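First the structure, in the form of structure tokens, and then the observations on it.
Because the structure is predicted, anything quoted here is derived from the model rather than measured. As the structure lists them, so they are numbered: ligands from 1, and atoms in each ligand from 1.
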Amino acid sequence: MSEAPESVLVLRFSAVGDVVLTAPALEALRRAWPQTRIVYAVKERLAHLVRFNPNVDEVVTIGPSQGPISFARRLRALRPGAVLDLHNKMRSKALRLFLPGVRKVVWHKRDFRDTLPVKLAIRPYRASMLFADRYHAAVEELVGRTVPRGELRYFLGPEDLAVAREALRLAGIDPERPLVGLSPGAKWETKRWPVERFAGLARRAIAEGFQVAVQGSAAEAALGKEIAARAPGTADLCGKLDLRGLGGFVARCVAFVANDSGPMHMARALGVPTLAFFGSTDPAMFDFEGHSALFAGVECSPCSFFGRRRCPRGHFRCMLDLDEERAWRALLPLLHAGPRAALHA
Ligand code: SF4
């Protein structure tokens with residue numbers, strides 16, 4: 001067992017989903033060392049994701065204009081008693097060099113034994129461990145003993161629901177009627193279920209008496225436009241929600257439909273029943289108890305760790321084999337399931 005330090009510096013700079021997924025590890029760390037100050041280093045634009053987490057005492061942000069050396073000096077001035085690197089990429093590896101003499105524990109996203117056969121195209125990727133368990137293992141390594149697992153939870157800021165309410169009001173959404181959220185985007189093309197199928201789900205949900213709103217970044221505006229055009233009555237919020245509004249919007253939904261993306265993890269963390277589509281990536285990385293993950297299981301999938309620009313085989317069957325009818329059958333029970341847990345506003 002390790003002695004509890006005065007503070008632990010947690011490094012996880014991006015991306016939305018990966019930052020949201022650190023919540024159980026932070027809770028486990030807090031429970032293990034309740035007196036230890038937990039400082040979280042993250043990109044400025046994502047700080048909101050951890051700002052209201054009660055298991056984070058201080059958030060240190062790096063902006064686009066801050067150089068790595070001046071940021072490293074800021075971190076060193078904090079005099080952390082230990083570093084928990086849940087990022088483990090170039091940025092955090094470099095920063096670790098500037099913190100000599102400080103105990104460091106580094107998580108590993110995947111086992112070398114899992115990744116090598118995929119890189120050599122010998123077999124599809126199979127996650128041997130839940131993503132959250134890998135973060136948890138790093139916490140246990142740091143504290144030097146087994147500790148109870150934390151829960152995946154997302155903590156809204158005090159304004160988030162109001163910000164979303166206003167965006168939804170402007171989009172014509174009735175606050176009294178149930179709302180289904182759609183998130184058709186994803187960074188990589190092979191993580192995207194076809195947009196016309198999202199529109200098909202929107203039409204069906206509207207026919208059942210639900211309101212539907214589609215969410216995405218400004219760069220994903222075309223997806224929102226297309227769904228709104230194919231499913232009249234759908235509110236298009238693409239490009240209109242910052243992280244405050246995104247959390248508030250997702251929390252307001254009775255169900256959420258998304259690709260393997262940050263908003264999908266946020267929805268699970270908010271206890272909103274979620275339908276997720278997986279094609280070139282592996283759903284076995286995450287826990288979908290109370291939710292639903294669709295995966296066609298074609299022989300080539302999952303072919304990558306985080307998605308690709310295009311299907312290397314050209315047929316894209318991992319997503320195209322997931323038809324709208326199957327998705328609707330998976331979504332129907334979620335529409336009436338009710339929230340999985342109390343929301344953390
Ligand atoms: S269909 Fe294409 S993108 Fe999907 S898993 Fe197979 S090779 Fe990868």
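In terms of protein heavy-atom proximity, atom 6 (Fe) of ligand 1 is closest to C300 SG, 2.3 Å. The protein non-hydrogen atom at the shortest distance from atom 8 (Fe) of ligand 1 is C303 SG, 2.3 Å. Nearest protein heavy-atom contact of atom 5 (S) of ligand 1 is S301 CB, 3.3 Å.
Aromatic pair F286/H265: ring centres closer than 6.0 Å. Ring pair F295/F288: centre-to-centre distance not below 6.0 Å.
Inclusion of C311 in the first shell of atom 2 (Fe) of ligand 1 is supported: an N, O or S atom falls under 2.8 Å.
Ring planes of F306 and W188: tilted class, angle from 30 to 60°. W107 and Y135 have tilted rings, their planes meeting at an angle from 30° to 60° on a 0 to 90° scale.
The residue R308 has no part lying near ligand 1, judged by heavy-atom distances below 4.0 Å.
Close approach of ligand 1 to R313 is summarised as follows: ligand atoms under 4.0 Å from at least one heavy atom of the residue are 7 (S). Per-residue contacts place R317 under 4.0 angstrom from the following atoms of ligand 1 (heavy atoms of the residue considered): 1 (S). Those atoms of ligand 1 with a heavy atom of C318 less than 4.0 angstrom away are 1 (S), 3 (S), 4 (Fe), 5 (S). The ligand atoms of ligand 1 that sit less than 4.0 angstrom from a heavy atom of H315 are 1 (S).
When each of Q66, R74, R73 is paired with S70, the side-chain hydrogen bond (donor to acceptor under 3.5 Å, both in side chains) condition holds for Q66 and for no other. Applying the salt bridge (Lys or Arg N to Asp or Glu O under 4.0 Å) test between D260 and each of K191, R268, R192 identifies K191 as the sole match.
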**Request:** Check the pair R204 / E208 against salt bridge (Lys or Arg N to Asp or Glu O under 4.0 Å), numbers first and verdict last.
**Result:** CA-CA 6 Å; R204 292 180 190 230; E208 290 283 320; over 6 Å; no

